[in-house]
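Numbers restart at 1 for each chain; the letters A, B, ... are given by sequence-line order, proteins then strands.
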There are 2 protein chains.
Amino acid sequence: MPQSLDRTDKALLIALQDNARLTNAELADSVALTTSPCWRRVKLLEESGVITGYQAILSPKALGYGVTAFVSVMMESHSRETARAFEQRLLEIPEIIACHNVSGRYDFLLEVLAKDLESFGEFAREVLQTLPAVKEIYSSFSFKSVKPLRQIPVQE
Amino acid sequence: MPQSLDRTDKALLIALQDNARLTNAELADSVALTTSPCWRRVKLLEESGVITGYQAILSPKALGYGVTAFVSVMMESHSRETARAFEQRLLEIPEIIACHNVSGRYDFLLEVLAKDLESFGEFAREVLQTLPAVKEIYSSFSFKSVKPLRQIPVQE
DNA sequence: GGTGAAAGCGAGGACCA
DNA sequence: TGGTCCTCGCTTTCACC
């Protein structure tokens, strides 16, 4: 699948990961190419699945979310059905902005946004605790995001 | 700071969060506006800090990262200095793609990418364990990302 | 808040080296 | 692969409602 990215591809990925709204001309400039080959390479990176999309990054605070919580969830059972029902339900809940099925003491790790601690408490009681087959949850709150950018390393 | 977003602003945010490469014309169309007011509104959203940037989303797998790990870190002390040194060091390590200072049993929660389990093991030993003032670390591996999109909810 | 017009530039493709 | 050229449509910024 990774059809060996050369130096130029990597430079494109770095540039686009940093600013997805660069015009093709600016992008071409930044990697010392003309616009056509630049455009072709970007399309290839999209088609081959290296670039999976483009997102505007929004400020949770500006949208009224003062609390970020990490919620570890332990399930009552580990059957296929239990996991499926749980996962499907998760997808419908916008406050849960990320979820991983993980190894270790707990089964899922969720990242949850809430207006404030009080509304998180309510959310935990009314929504999280009532998700299918939940045995136990453990919440940890973010005091501060030390590395907010989430850039996937593109070496060299 | 949130200068009360109206229905149209929210529609713009939803559209851009979904696809940051929409042209201004497409964007205007999707919210039933002409291009000028649409462009003005987007600029305002950027200047007021609601939109903090635009990112190409890359596939970790396509870039050779087969393992995502969540690493909880407990510090030896909780002094200001300790935290600062730790955080500064973190920022230099690209494999750590996210880090939160959190409440609870552990002090920091890191999200780490690695090629495979073996290279994660090495990374944990050579890099993570040698970060300043680390007392204990606990690693949990992602089997699967159930919600990979990380979209901040924009209600209504 | 909104519209419409105008100038210049970029997107996207055909084609060549 | 990369470069040139070309056309259409879009971006961006007006002045104005």
Side-chain angles (χ1 to χ4, degrees), chain A residues 1-59 61-64 151-156, chain B residues 1-64 149 151-156:
Chain A
M1 191 180 310
Q3 67 298 324
S4 92
L5 308 167
D6 64 14
R7 194 158 315 223
T8 307
D9 287 320
K10 289 177 182 172
L12 290 175
L13 292 176
I14 291 171
L16 283 174
Q17 195 170 213
D18 202 60
N19 180 6
R21 295 228 82 174
L22 286 173
T23 66
N24 186 46
E26 291 166 324
L27 200 55
D29 240 47
S30 80
V31 299
L33 232 59
T34 50
T35 60
S36 310
C38 178
W39 192 78
R40 241 175 338 197
R41 290 176 96 118
V42 172
K43 289 299 146 199
L44 273 173
L45 289 168
E46 291 171 358
E47 280 158 26
S48 66
V50 179
I51 296 175
T52 59
Y54 301 92
Q55 268 192 349
I57 306 303
L58 310 185
S59 157
K61 199 157 264 167
L63 288 165
Q151 309 220 90
I152 295 179
V154 180
Q155 59 273 68
E156 214 314 33
Chain B
M1 191 180 310
Q3 68 299 326
S4 92
L5 308 167
D6 65 14
R7 194 158 314 224
T8 306
D9 288 320
K10 289 176 181 172
L12 290 175
L13 292 176
I14 292 170
L16 283 174
Q17 194 168 25
D18 202 60
N19 180 5
R21 295 228 82 176
L22 287 173
T23 66
N24 187 45
E26 290 167 323
L27 200 55
D29 238 48
S30 79
V31 299
L33 233 57
T34 49
T35 60
S36 312
C38 179
W39 193 79
R40 241 175 341 197
R41 291 176 95 120
V42 172
K43 289 298 145 200
L44 273 173
L45 289 168
E46 290 171 358
E47 280 158 26
S48 67
V50 179
I51 297 175
T52 60
Y54 301 93
Q55 269 192 346
I57 307 303
L58 310 185
S59 158
K61 200 158 261 165
L63 288 164
L149 248 53
Q151 310 221 89
I152 294 180
V154 180
Q155 58 273 67
E156 214 318 31

Checklist line | With sequence neighbours excluded, residues passing side chain to side chain contact (heavy atoms under 4.5 Å, CB included) with B:Asn24 | finding: B:Thr35, B:Cys38, B:Trp39
Check: Taking the nucleotide of DNA chain D with the closest heavy atom to each, which residue, A:Cys38 or A:Thr23, is nearer the 5' end?
Finding: A:Cys38
Item checked: Listed partners of B:Lys43 passing salt bridge (charged side-chain N to carboxylate O under 4.0 Å, His left out), at least two apart -> B:Glu46
Note to self: Distance check needed: C:dG12 C1' versus A:Glu46 CD, whole Å only.
What the structure shows: 13 Å
Next item on the list: Determine whether A:Leu58 and B:Ile51 make a side-chain contact, defined as any pair of heavy atoms from C-beta on separated by less than 4.5 Å.
Entry: yes
Notebook entry, point to check: Can you name the residues that form a side chain to side chain contact (heavy atoms under 4.5 Å, CB included) with B:Thr23, not counting sequence neighbours?
Noted result: B:Ala25, B:Glu26
Item checked: Of the listed nucleotides D:dC10, C:dA11, D:dT12, the one nearest the side chain of A:Asn24 -> C:dA11
Checklist line | Nearest-angstrom distance from the residue atom CZ of B:Arg21 to P of C:dG10 | finding: 13 Å
Return the polar atom pairs (N/O with N/O) between nucleotides 2-6 of chain C and the protein under 3.5 Å, or none.
residue: C:dG2; atom: OP1; partner: B:Arg41; partner atom: NH1; Å: 3.1
residue: C:dG2; atom: OP2; partner: B:Arg41; partner atom: NH1; Å: 3.1
residue: C:dG2; atom: N7; partner: B:Arg40; partner atom: NH2; Å: 2.8
residue: C:dG2; atom: O6; partner: B:Arg40; partner atom: NH1; Å: 3.0
residue: C:dG2; atom: O6; partner: B:Arg40; partner atom: NH2; Å: 3.3
residue: C:dT3; atom: OP2; partner: B:Thr34; partner atom: OG1; Å: 2.7
residue: C:dG4; atom: O6; partner: B:Ser36; partner atom: OG; Å: 2.4

Notebook entry, point to check: Residues two or more places apart in sequence or in another chain: which of them pass salt bridge (charged side-chain N to carboxylate O under 4.0 Å, His left out) with B:Arg41?
Noted result: B:Asp6, B:Asp9
Next item on the list: Write down the distance between CD (A:Glu26) and P (C:dA11), rounded to a whole number of angstrom.
Entry: 8 Å
Note to self: Please report the distance, rounded to the nearest Å, between CG in B:Asp29 and C1' in D:dT11.
What the structure shows: 15 Å
Next item on the list: Ignoring backbone atoms, establish whether B:Trp39 has a side-chain N or O less than 4.0 Å from OP1 or OP2 of D:dT12.
Entry: yes
Checklist line | B:Leu22 CG - C:dG10 P separation (whole Å) | finding: 20 Å
Next item on the list: Rounded off to whole Å, could you give me the CG-to-P distance for the A:Leu27 and C:dG10 pair?
Entry: 13 Å
Next item on the list: Sequence neighbours left out, what passes side chain to side chain contact (heavy atoms under 4.5 Å, CB included) with A:Asn19? Give chain and number order.
Entry: A:Arg21, A:Leu22, B:Tyr54
